[in-house]
Structures are given as structure tokens and as C-alpha cells.
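Sequential numbering from 1 along the given sequence is applied to the chain's residues.
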Amino acid sequence: MKALALAILCLVGMAVSAAAADPDTLVDTARHAFDEGRFLEAAALARRSATPEGYAFAARAELVHADFIAPREARLTSILRAEEDARTAISLAPDLAEGHLQLAIALGLRGRVEGRMTAHFEGYADEARAHLDYVVAREPDNPWVHALLGGWHLEISEEGGSLGRTLYGAGIERGVAEYERALSLSKNDLVIGYQCALQLAALDDETYRARAQALLEDLAVPEPPTALQRMTLERIDDLRAALESGDRQRISQVVLRQKGEAMDEPPKPVRPRHSIRPPIGLPR
């Protein structure tokens with residue numbers, strides 16, 4: 001009887017181990033950990049699945065950890081790990097949109113951490129745009145690719161000015177239009193709406209900052225929010241308060257902090273007020 005009981009226990013243990021190693025189970029468990037805010041655990045679990053979807057999700061979890069939680073000196077490590085995961089996902093499944101999207105995000109965050117000059121000479125913007133173009137050609141109704149294209153256009157327009165727009169073909173109106181498309185495809189998405197408002201606030205233009213403030217006011221709060229949504233809400237409150245203050249220096253500081261841009265570069269000066277004719281669409 002004792003031998004029989006031991007055999008049954010071994011079989012049960014083998015079944016539990018097999019279930020734990022099942023790729024779909026691992027990714028589902030990773031998503032649960034992600035929603036609860038255990039991002040590094042989520043990344044490790046998703047990575048263990050050794051599937052394209054798992055590696056893409058691992059990249060997402062690492063990037064959220066890098067953007068919201070990691071101390072400044074550890075951000076680049078997480079970003080590089082996410083970049084590797086995204087490239088692995090693409091190598092295993094070139095048509096998987098999520099791998100391309102996460103790689104574009106990783107390259108954007110890497111550029112922010114390493115600085116504008118490094119990003120330019122390493123070609124991060126060009127590579128990110130190539131991955132986004134790949135996805136939008138295949139999934140034109142994917143809201144995230146339009147949101148990321150919007151961020152690509154607005155960030156280059158804000159960082160590089162007219163020279164950057166000329167070199168990369170970026171444009172403010174195109175960026176706003178891409179965000180409008182993203183929001184129309186994913187109504188009231190908290191993260192997309194916040195990212196759009198942050199990019200508009202970074203433009204240092206009174207009209208766009210007013211529109212950023214209106215956009216933040218229109219966002220719906222999920223109930224109950226996930227850990228990522230809660231952290232996003234905290235940033236929204238911080239950004240909204242800065243915009244309401246009308247203090248340009250405070251707004252610039254909040255934008256810089258929330259973007260996590262490289263600190264070894266000289267701070268961008270507060271430019272004289274200028275007027276950019278805004279396209280129609282986003283809240284005014």
C-alpha cells in the first residue's frame with residue numbers, strides 16, 4: 001500500500017509539473033502576475049514558455065518594469081532584456097505583431113535613456129519606424145501601432161525640431177492624426193490616452209497643452225484598474241496638476257520625469273511661446 005501511495009504521489013507530481021510547464025499555462029499565469037504588478041515575475045514566467053507570444057509578453061512586462069518601477073541605474077538593463085525578448089519573438093514568428101510593437105517601444109525607451117545623439121547615430125528611430133510600418137501594413141486596425149506611430153512622430157518633432165522632422169519625415173499633424181486613429185479604435189484606453197497627452201504636453205505649445213489637459217479629463221477610469229492602470233492614473237494626476245498650474249517650467253519637469261529621459265544631456269530650454277496650427281480632432 002505504501003508503494004502504491006508513493007507511486008500515485010509521483011504521478012500527481014508529474015502531472016502538476018507538466019501543467020506548470022505548459023506554454024499556454026505559463027503565459028496565462030504571467031498575464032495574471034502582470035495585472036497584479038509583479039512585472040519581473042511575469043516576464044520570467046512568459047519567457048519560460050519559449051513561445052513567440054511568451055517572449056513578446058516578457059518584453060512587455062520588462063518594459064513596464066523599466067518605465068514605472070526600475071531605479072534609473074537599472075532601467076537600461078531591463079530595456080535591453082526586453083529588446084532581446086522582442087527580437088527572439090520576431091525570429092520565431094516574424095508575422096507576430098506584438099514582437100514588432102514591443103521592439104519599437106524598447107528602442108524608443110532605449111533612446112530616451114541613452115540620449116538623443118546616441119539614438120540618432122545608432123538608428124533607433126529608423127528601426128522602430130520600420131517595425132511599426134511592418135505592423136500597420138498587416139494590421140491597419142491595431143490601435144497600438146497607431147498610438148506608437150503617433151508617439152514616434154510627436155517625439156521626433158519635439159526632440160529634433162525642424163531638423164528632426166526633415167531627417168526622419170516626422171510631423172506633428174501626422175502624429176496627432178495617428179493618436180486620433182488609435183483612440184477611435186480603442187475607446188477611452190487609459191494608457192493610450194495618457195501617452196498622447198504626455199506627448200502633446202511635451203510640445204511646449206499652449207494650444208496643444210490645453211488639448212492634453214482636455215484629453216486627460218475625458219479618460220474613463222477602469223473599475224477595478226490593473227496595476228499598470230493604477231500607476232498610469234498616478235502619472236495622469238501628476239501631469240494634470242502640472243498642466244492646470246500653467247507653469248511651463250513645472251510642466252517641462254513633469255514631462256521630463258515621466259519620460260525618463262537621459263539626465264546626462266543638458267536640459268532643454270523653455271522655448272518662447274509659439275503657435276502651431278492644430279489639426280482638428282483631439283479634445284480642445
Side-chain angles (χ1 to χ4, degrees), residues 30-40 42-43 46 56-70 75 78-79 82 86 97-109 112 128 131-132 135-136 139 141-155 175-202 211-243 254-255 257-261 281-283:
R31 294 185 189 282
H32 181 69
F34 182 93
D35 287 343
E36 291 189 342
R38 294 177 280 120
F39 302 115
L40 291 182
F57 192 78
R60 182 186 180 200
E62 283 281 358
L63 290 171
V64 171
H65 174 79
D67 192 22
F68 284 88
I69 294 175
R75 291 187 75 215
S78 274
I79 293 168
E98 193 65 15
H100 295 277
L101 296 179
Q102 296 306 323
L103 181 53
I105 296 172
L107 291 168
L109 291 181
R112 288 180 182 178
H131 287 283
L132 296 177
V135 175
V136 80
E139 298 186 14
D141 292 333
N142 185 318
W144 274 101
V145 72
H146 291 287
L148 292 173
L149 279 169
W152 187 92
H153 280 279
L154 293 183
E155 186 136 345
V176 173
E178 290 288 355
Y179 267 120
E180 288 174 346
R181 176 71 172 147
L183 290 168
S184 72
L185 290 167
S186 185
K187 300 290 185 183
N188 292 321
D189 187 290
L190 189 72
V191 177
I192 291 177
Y194 157 71
Q195 289 294 337
C196 180
L198 181 64
Q199 296 288 3
L200 290 172
R211 294 172 71 186
Q213 187 175 344
L215 180 59
L216 293 178
E217 295 296 337
D218 286 346
L219 290 175
V221 178
E223 187 57 45
T226 64
L228 173 57
Q229 290 167 339
R230 287 195 300 272
M231 294 187 299
T232 301
L233 286 167
E234 291 176 2
R235 288 192 176 182
I236 285 173
D237 288 342
D238 194 20
L239 181 60
R240 181 191 290 119
L243 290 166
V254 169
V255 167
R257 182 170 66 250
Q258 293 194 359
K259 282 190 172 188
E261 294 180 351
L282 291 175

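The side-chain heavy atoms of M231 and V64, taken from C-beta on, include a pair separated by under 4.5 Å. Side-chain contact between D189 and Q229 is absent, with no heavy-atom pair separated by less than 4.5 Å. When side chains are defined from C-beta on, R60 does not count as touching L101, because their heavy atoms never get closer than 4.5 Å. Between L40 and E62 the shortest side-chain heavy-atom distance falls below 4.5 Å. Within the 4.5 Å cutoff, the side chain of F68 has heavy atoms near those of the L228 side chain. Within the 4.5 Å cutoff, no side-chain heavy atoms of L239 are placed close to those of Q213.
The side chain to side chain donor-acceptor pair (under 3.5 Å) check on D35 picks up nothing, with sequence neighbours excluded. Considering only residues two or more places apart in sequence or on other chains, E234 meets the side chain to side chain contact (heavy atoms under 4.5 Å, CB included) condition with none of them. Residues passing the side chain to side chain donor-acceptor pair (under 3.5 Å) test with H65, sequence neighbours excluded: none. Looking at residues two or more places apart in sequence or on another chain, you find a side chain to side chain donor-acceptor pair (under 3.5 Å) between R257 and D238. Applying the side chain to side chain donor-acceptor pair (under 3.5 Å) criterion to E98, with sequence neighbours excluded, gives Q102.
Checking side-chain atoms of S186 against main-chain N and O of A182 turns up no donor-acceptor pair under 3.5 Å. No side-chain donor-acceptor contact under 3.5 Å links R75 to the backbone of A70.
In this pair, F34 and F39 present their aromatic rings perpendicular. The plane angle is above 60°, beyond the 30 to 60° band.
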Donor-acceptor list for residues 191-200 side chains, cut-off 3.5 Å, not counting sequence neighbours:
from, atom 1, to, atom 2, distance (Å)
Y194, OH, Q258, OE1, 2.7
Q199, OE1, K259, NZ, 3.3
Q199, NE2, E155, OE1, 2.9

